[in-house]
Number of protein chains: 2
Amino acid sequence: MDNHPALDDAFLALADSTRRSVLTRLARGPASVSELAAPSSMALPSFMKHIRLLERSGWIRTHKSGRTRTCVFEPSKLPVVDDWLAQQRALWEARTDRLERFIDLETE
Amino acid sequence: MDNHPALDDAFLALADSTRRSVLTRLARGPASVSELAAPSSMALPSFMKHIRLLERSGWIRTHKSGRTRTCVFEPSKLPVVDDWLAQQRALWEARTDRLERFIDLETE
DNA sequence: TGTTTACTTAGCCCTTGCGCTAAGTGTTCT
DNA sequence: AGAACACTTAGCGCAAGGGCTAAGTAAACA
């Protein structure tokens, strides 16, 4: 369950505020690279690395037309990471439930 | 919202299958380092780096008693990353809703 | 007391992440 | 045609990630 290379990249992509900002912006709709880069005060080549990482990890898709590259959010990644976290929460809650039953037994 | 250094570490911690496995195991209850390391076929010092990173990121807490170090899952990290993803999903859904209304207008 | 156990420290290696500048390519505007 | 624009490529530098071995420490056991 945990040994899932795609999850490595999916989570790594979220481990940077520049990239999280890009995703937040893209969730509202497609944008060009320079639109996305505008708020970031970072050299373009540096910024492009983040775009490539987001693309590699599957969080976005991009296509070039003319001289501008347009980026679009890829929603199918959301359930993948969501599921892992849901499972984690489920395990945790199952455990606290068992603990509570145990305490109930002890104290009755 | 996205510029949150604690999120960097929280997500980075999840970007490795060894660490995800540790969290999965710990969600079921506390364990010693050697218990956690047993399934991993990795040298202990290497494994310990993962434990330290998990601790630094706030996903686990550890304490030593005698010669064994016990690790416990820290549930308070779950809502933090969960919230970010929930917000992301909300933005996306808001957008697709607007899109649908737009299409409805176009086709009626 | 001596040995095993459970880490811990120190140090080395290689790869990747994350930032930069300088210069290049192809498009679009004038 | 020439200039401006939107990337793109190449290359550099430093820090951190992710793995290893060898040797050290402190607790627990025989």
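Throughout, protein chains are lettered first and strands after them, A, B, ... in sequence-line order, and every chain is numbered starting at 1. Since we're looking at a predicted model, the values are computed, not measured.
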If only side-chain N and O atoms count, and only distance matters, is there a donor-acceptor pair under 3.5 Å linking T24(A) with D2(B)?
yes
Does any part of the side chain of L23(A), heavy atoms only, come nearer than 4.5 Å to the side chain of W84(B), both counted from C-beta?
yes
May I ask you to decide whether R89(B) forms a salt bridge with D82(A), counting only side-chain N to carboxylate O separations under 4.0 Å?
yes
CZ of F47(B) versus P of dG17(D): gap in Å, rounded?
17 Å
What's the closest nucleotide to the side chain of A43(B) if the choices are dC20(D), dG18(D), dC7(D)?
dC20(D)
Quick one: E35(B) CD to dA6(C) C1', roughly how many Å, whole number?
12 Å
Using whole Å, what does the distance between atom P of nucleotide dC7(D) and atom NE2 of H63(A) come to?
12 Å
Can you check whether any acceptor in the base of dC7(D) is under 3.5 Å from a donor in the side chain of R67(A), or vice versa?
no
Can you tell me how far C1' of dA6(D) sits from CG of L36(A), to the nearest Å?
13 Å
Which part of the nucleic acid, if any, lies within contact of S34(B), taking any heavy atom under 4.0 Å across all strands shown: a base, the sugar-phosphate backbone alone, or nothing?
sugar-phosphate
Output the rounded distance in Å from CG (L54(B)) to C1' (dG17(D)).
13 Å
Please tell me if R52(A) has a side-chain N or O lying less than 4.0 Å from either OP1 or OP2 of dT8(D).
yes
Answer yes if L14(A) and L7(B) sit in the same cluster of Ile, Leu, Val, Met, Phe, Trp and Tyr residues linked by side chain heavy atoms under 4.5 Å apart, and no otherwise.
yes
Can you measure L44(A) atom CG to dC7(D) atom P for me and round it to whole angstrom units?
7 Å
Do V81(A) and F11(B) make a side-chain contact, defined as non-hydrogen atoms from C-beta onward lying under 4.5 Å apart?
no
Can you tell me how far C1' of dA27(D) sits from CZ of R69(B), to the nearest Å?
14 Å
P45(A) has a side chain; which of dG19(C), dA10(D), dC7(D) sits nearest to it?
dA10(D)
Does any part of the side chain of K64(B), heavy atoms only, come nearer than 4.5 Å to the side chain of R69(B), both counted from C-beta?
yes
Judged by nearest nucleotide, the residue sitting upstream toward the 5' end of DNA chain C, S65(A) or D16(A), is D16(A)
Stepwise side chain to side chain contact (heavy atoms under 4.5 Å, CB included) test for E74(B) and W59(B):
CA-CA 5 Å; E74(B) 178 56 57; W59(B) 277 108; 5.8 Å; no
Could you give the NE2-to-P distance, from H50(A) to dC18(C), as a whole number of Å?
6 Å
Which residues in residues 4-13 of chain A have at least one heavy atom lying under 4.0 Å from any atom of DNA chain C?
L12(A)
Tell me which nucleotide among dA6(C), dG19(C), dC18(C) gets nearest to the side chain of L53(A).
dC18(C)
Please check the phosphate of dA27(D) (OP1 and OP2 only) for any side-chain N or O of K64(B) closer than 4.0 Å.
no
Would you call L12(B) and D16(A) a side-chain contact if the rule is heavy atoms closer than 4.5 Å?
no
Please confirm whether any donor atom in the side chain of K49(B) sits under 3.5 Å from an acceptor in the base of dG17(D), or the reverse.
no
Between R56(B) and S46(B), who's closer to the 5' end of DNA chain D by nearest nucleotide?
R56(B)
